[in-house]
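Each remark here refers to the structure printed beneath this line.
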Amino acid sequence: MTPVRVAILASGGGSNLQALLDALDPSAPAAVTRVISSRPDAGALDRARRAGVAAVALRDPANPAELLAALGDADLVVLAGYVKLVPREVVARFPGRMINIHPALLPAFGGPGMYGRRVHEAVLASGAAVSGATVHYVDEQYDRGPIIAQQPVPVQPGDTPDTLAARVLAVEHELLPRVVIELARAFQERDDADR
Ligand code: GRF
């Protein structure tokens with residue numbers, strides 16, 4: 001069966017992309033076919049090139065036509081450290097097929113400006129005993145779409161934003177491939193049933 005074509009949107013180093021590339025072996029129901037970045041110097045683009053995956057930086061991430069063209073024939077769009085808002089015209093083209101990973105237990109500690117270190121600073125400032133990772137569907141607003149899966153992570157005494165971020169990132173690298181594989185299997189079963 002043809003693997004589900006996965007397009008990654010990334011703005012940073014791309015460790016979640018790498019976790020997906022490492023998890024999706026040739027027998028997997030999904031394959032990363034393109035990586036798109038909002039920044040030409042994103043480490044995620046280098047990881048894609050090293051893996052022989054098409055990589056492109058957007059001139060204007062707010063331009064729906066440019067992003068749709070870059071997404072091409074993608075079946076599933078995965079936001080992994082993508083800090084730009086996806087134009088609503090693009091979101092509308094991928095109903096149930098666009099997901100994001102966020103380094104906290106949404107709906108808490110999400111929304112505009114809540115990315116990277118700031119998330120973990122806010123979690124520590126709140127005194128929360130638990131944090132974690134969330135994979136959710138993308139809608140027109142940051143971090144608000146329906147939640148697909150979450151993995152809790154304990155906040156430990158003496159944690160800094162960096163130590164907490166590292167513990168959450170390790171969980172993200174397990175959660176995201178698991179969700180992508182489950183979704184891809186569901187897409188294939190659905191396509192099978194439609195034939
Ligand atoms: C991750 O913590 C992700 O949850 C958040 O941005 C970070 C990106 O990390 N949205 P990387 O670029 O995948 O290493």
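When a ligand or atom number is given, it counts from 1 through the structure's own listing order. Below, each value reflects all heavy atoms present in this structure, side chains not excepted, and no hydrogens, waters or symmetry copies.
Looking only at heavy atoms of the protein, atom 8 (C) of ligand 1 is closest to G81 CA, 3.6 Å. Given atom 10 (N) of ligand 1, the protein heavy atom at minimum distance is I101 O, 3.3 Å. Among all non-hydrogen protein atoms, the one lying nearest atom 11 (P) of ligand 1 is S15 N, 3.4 Å.
Among L20, N16, V168, the residue whose heavy atom sits closest to atom 13 (O) of ligand 1 is N16. The closest heavy-atom contact to atom 1 (C) of ligand 1, among the options E172, Q18, H102, comes from E172.
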Where do R117 and E121 land on the salt bridge (Lys or Arg N to Asp or Glu O under 4.0 Å) test, with the steps shown first?
-> CA-CA 6 Å; R117 190 186 170 78; E121 285 169 350; 2.9 Å; yes
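Going from atom CD1 of I148 over to atom OG1 of T134 covers 10.5 Å, rounded to the nearest 0.5 Å. Atom CG in L85 sits 4.5 Å away from atom OH in Y142 (nearest 0.5 Å).
Among the atoms of N100, none of the N or O lies under 3.5 angstrom from an N or O of ligand 1. In terms of N/O distances under 3.5 Å, ligand 1 is not approached by Y82.
Distance alone, capped at 3.5 Å, is enough to place a donor-acceptor pair between the R167 side chain and the P154 backbone.
Residues L58 and N63 are not in side-chain contact: their nearest non-hydrogen atoms beyond the backbone lie 4.5 Å or more apart. Within the 4.5 Å cutoff, the side chain of E172 has heavy atoms near those of the P103 side chain. By the 4.5 Å heavy-atom criterion applied to side chains, V6 and I8 are counted as neighbours.
By the 6.0 Å and 45° rule, R118 stacks over the aromatic ring of Y115.
With a 4.0 Å heavy-atom cut-off, ligand 1 is reached by no atom of L79.
Those atoms of ligand 1 that come under 4.0 Å of a heavy atom in P103, given as number and element, are 2 (O), 4 (O), 5 (C). With ligand atoms numbered from 1 in the order given, ligand 1 contributes 1 (C), 2 (O) to contacts under 4.0 Å with heavy atoms of L169. Residue G13 approaches ligand 1 through these ligand atoms, each under 4.0 Å from one of its heavy atoms: 12 (O).
Contact analysis leaves G116 out of contact with ligand 1, as no non-hydrogen atom separation drops below 4.0 angstrom. Contact annotation: G14 has at least one heavy atom less than 4.0 Å from an atom of ligand 1.
In this structure, a donor-acceptor pair under 3.5 Å is present between the side chains of S27 and D25.
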